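If you're wondering where the values come from, they're calculated on a predicted model, not measured in any experiment.
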Amino acid sequence: MATIEQLYQTLSERRRPEDVAQMILALTADSLTTKERLLLEKAAKGSLAKNVSGYTSMLQEFAEAKGAGKQITKAIEIFKLDDNGKSDYNNQKDIADFINFVSPLIHKTVGENDFINDRLNKSQRKESGLDLSKRNYNKKWRLLTRIEKKLLKFIRERKKNEFQKIAKHALAHRIGFEDFSSDLNTACFIAYYNARCNLRSVFTNQSQARPFDEISDMLLKRCTGQESNFLDVFRKDKAVKPNTANWWAISHIYTSQLVLSNLTDEQKGTLLGLWTTVLQDIAELLDEVWRGSNINRETMVVRRGNDSTTWNNTAGAWNKARDNWMNLIYSLGLDYILEEICFGKVLRLMAADVVAWHFSTGGKLDPNTEVWNKIPLPWEVFQNKAQCNKELVVQYCEQAGIDPEKSGWIAPRVHGVAEFRPTPELVHGVAVANPFLATVLKRHKYYSGKNAKPLYPEKN
């Protein structure tokens, strides 16, 4: 039997929508209408619990940055320190505290890591009262330097992981259990829509599936108290369902005008400030990756040396944050801000084979690329190095032949309700019929773009 705690745990995981739907069925069995139950069963029948193999080859959690536990364990041994076991070396503060505590033991200044200029020589060690051989001192000094570098890398990797999550499901992973569990319908919508948002991209020359599907729509309607069964509309004795949804929690993952209309202006203002800060943080990393890569802005086709994974994850986070920011300023009636500042979208890098496939079937370069080529880069706007407003964006959209509002350049994006489709088993974006086969193909690096290890079934 699924519990609300288990459903909440899926917010930090990458569970398939079918498995989340199965959990929702168990939690809401007594309150579902016939139509709602049939919709959920449409997805739940594909859950791992009802599958013969009972497993998927796809990871069900996001990658996490590794802390400095290994290095600090070695430092504790070399410095002969007592480990109280209370520190978490996957925690930025605890790593920094360890560095600040241990560095003075060898009179090392934190941040000064130049091997030639920043170490103490023999006479300086003697003056400082350090009774250490040169070899012992250097060993400790190098280890502390590595821990400092590991901390910087850990901070960057955590930031990248945070942006990857934002790109998928906005701020769902920041929702507290108290808000999540305050209303069952709220919890069910957030958990299922989160699973839909976390779906992996499919290798295709067409658009990706939209996360808001018919089951998401039904679960959101349950939050509003609307009837989901057509026949229930004609019942004279039907009870009006109270609107007990926690719209504040929902707004962390889904900011439609319906959701935002149920928030106070203070709550909307808090969210607007939060998303503006997120945009600024993302812009800093985009700037860093842009300067370190030779990206072809004209075509946005990936080439050797481009960090496409970091760029695409961060660009996705920017666009997700920008969509939420745009929804909020319109909901607050602050769209006049766009006359002064209108951040543009950030395009992802495309694989050359996908672009070639698209062209071979009669397609052409996405017209949004033309707009992207002309507008100021978003991080330059944040750094006050360039200006970008609504008038400029509209001008470039018209030149590219696209509607600036419908395309989401100057207004909230409008989406429909997609039909539910079973989650495919993917190997680097390519759908494979069987999870066992997918595991084998992945192990042999098929579809990875790397040197695959050929399979010889006759030798198995």
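Residues D366 and N368 bring a donor and an acceptor atom of their side chains to less than 3.5 Å of each other. Side-chain contact, S308 with N306: no donor N or O sits under 3.5 Å from an acceptor N or O. Checked by atom type, the side-chain pair N90/E64 shows no donor-acceptor distance below 3.5 Å.
Using the six-membered ring where Trp is involved, H173 and H169 have ring planes that are tilted, between 30° and 60° apart.
Remark: side-chain polar atoms of Y137 are paired, donor with acceptor, to backbone N or O of L120 under 3.5 angstrom. The backbone N or O of T255 sits less than 3.5 Å from a side-chain atom of N327, completing a donor-acceptor pair. For E148 (side chain) and V110 (main-chain N/O), no donor-acceptor pair under 3.5 Å exists by modelled atom type. Under the 3.5 Å distance criterion, the side-chain polar atoms of N100 are matched with a main-chain donor or acceptor of A96. Without hydrogens or angle criteria, R322 side chain to F343 main chain gives a donor-acceptor distance under 3.5 Å. Proximity of a side-chain donor or acceptor of R16 to a complementary backbone N or O of T56 within less than 3.5 Å is not detected. No donor-acceptor pair under 3.5 Å is formed between the side chain of K108 and the backbone N or O of R119. Looking only at distances, no side-chain donor or acceptor of R200 sits under 3.5 Å from a matching main-chain atom of H428. Remark: side-chain polar atoms of R413 are not paired, donor with acceptor, to backbone N or O of D323 under 3.5 angstrom. Using modelled atom types, one side-chain atom of N198 and one backbone atom of N194 make a donor-acceptor pair closer than 3.5 Å.
Here CG of D97 is found 10.5 Å from CD of Q92. Values are rounded to the nearest 0.5 Å. To the nearest 0.5 Å, atom OH of residue Y330 and atom CG of residue D335 are 5.0 Å apart. The CH2 atom of W318 sits 9.0 Å away from atom CH2 of W379, with the distance rounded to the nearest 0.5 Å. The CD atom of E13 sits 5.5 Å away from atom CZ of R15, with the distance rounded to the nearest 0.5 Å. Interatomic distance, CG of L260 versus CG of L271, reported as 7.5 Å (0.5 Å rounding). The distance from atom CD1 of I4 to atom OG of S181, rounded to the nearest 0.5 Å, is 6.5 Å.
Within 6.0 Å of CD in Q387 there are 12 or fewer heavy atoms belonging to other residues, nucleotides or ligands. Within 6.0 Å of atom CD in Q124, more than 12 heavy atoms from other residues, nucleotides or ligands are found, so the atom counts as buried in its surroundings. Within a 6.0 Å sphere centred on CD of E298, heavy atoms belonging to other residues, nucleotides or ligands number 12 at most. Annotation: E266, atom CD; neighbour count of heavy atoms from other residues, nucleotides and ligands within 6.0 Å does not exceed 12. Atom CG of D83 has more than 12 neighbouring heavy atoms from other residues, nucleotides or ligands inside a 6.0 Å radius. Around atom CZ of R210, no more than 12 heavy atoms belonging to other residues, nucleotides or ligands sit under 6.0 Å away. Residue-environment remark: CD (E339) exceeds the threshold of 12 foreign heavy atoms within 6.0 Å. Dense packing is recorded around CD of E5, with more than 12 heavy atoms of other residues, nucleotides or ligands lying under 6.0 Å away.
Residues R196 and L199 have side chains in contact (heavy-atom distance under 4.5 Å, counting atoms from C-beta outward). Considering only heavy atoms from C-beta on, N324 stays 4.5 Å or farther from V278 through its side chain. Between Q6 and T10 the shortest side-chain heavy-atom distance does not fall below 4.5 Å. In this structure, the side chains of R14 and K168 come closer than 4.5 Å at one or more pairs of heavy atoms. In this structure, K442 and S57 have side chains that are in contact, with non-hydrogen atoms separated by less than 4.5 Å. The side-chain heavy atoms of W141 and D118, taken from C-beta on, include a pair separated by under 4.5 Å. Residues D179 and H252 are not in side-chain contact: their nearest non-hydrogen atoms beyond the backbone lie 4.5 Å or more apart. In this structure, I99 and L144 have side chains that are not in contact, with every pair of non-hydrogen atoms separated by 4.5 Å or more.
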Would you please test M58 and E425 for side-chain contact (heavy atoms from CB on, under 4.5 Å) and show each step? CA-CA 7 Å; M58 300 182 291; E425 198 73 24; 4.0 Å; yes
Would I190 and Y8 count as a side-chain contact (heavy atoms from CB on, under 4.5 Å) if you check the C-alpha gap in whole Å, the side-chain angles of each, and the deciding distance to 0.1 Å? CA-CA 9 Å; I190 291 174; Y8 176 71; over 6 Å; no
N51 vs E18, side chain to side chain donor-acceptor pair (under 3.5 Å): CA-CA, chis, key distance, verdict: CA-CA 11 Å; N51 195 292; E18 290 87 340; over 6 Å; no
Worked check of side chain to side chain donor-acceptor pair (under 3.5 Å) between N246 and S182: CA-CA 7 Å; N246 189 323; S182 63; 3.0 Å; yes
Could you go through the side-chain contact (heavy atoms from CB on, under 4.5 Å) check for D281 and E162 one step at a time? CA-CA 11 Å; D281 291 341; E162 172 74 2; over 6 Å; no
Verify side-chain contact (heavy atoms from CB on, under 4.5 Å) between F79 and F101, making sure each step is shown before the conclusion. CA-CA 12 Å; F79 280 87; F101 170 73; over 6 Å; no
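I175 and A249 get closest at one heavy-atom pair: CD1-O, 3.4 Å. Minimum heavy-atom separation, W372 to W409: N-CH2, 4.2 Å. Between L11 and A191, the shortest heavy-atom distance links the atoms CD2-CA, 4.1 Å. Nearest heavy-atom pair, L338 versus W325, reported as atom, atom and distance to 0.1 Å: CD2-CZ3, 3.9 Å. Residues W275 and L328 approach most closely at CD1-CD1, 3.6 Å, considering heavy atoms. Smallest separation of non-hydrogen atoms from W311 and V346: CZ2-CG1, 3.6 Å.
Of the charged side-chain nitrogens involved, at least one lies within less than 4.0 Å of a carboxylate oxygen, so that E370 and K374 count as a salt-bridged pair.
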Just list the side-chain donor-acceptor pairs under 3.5 Å for residues 389-397, sequence neighbours left out, or say none.
unit_1 : atom_1 : unit_2 : atom_2 : d
N389   : OD1    : E391   : N      : 3.3
N389   : OD1    : L392   : N      : 2.9

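For N294, the side chain to side chain donor-acceptor pair (under 3.5 Å) criterion is met by R303, not counting sequence neighbours.
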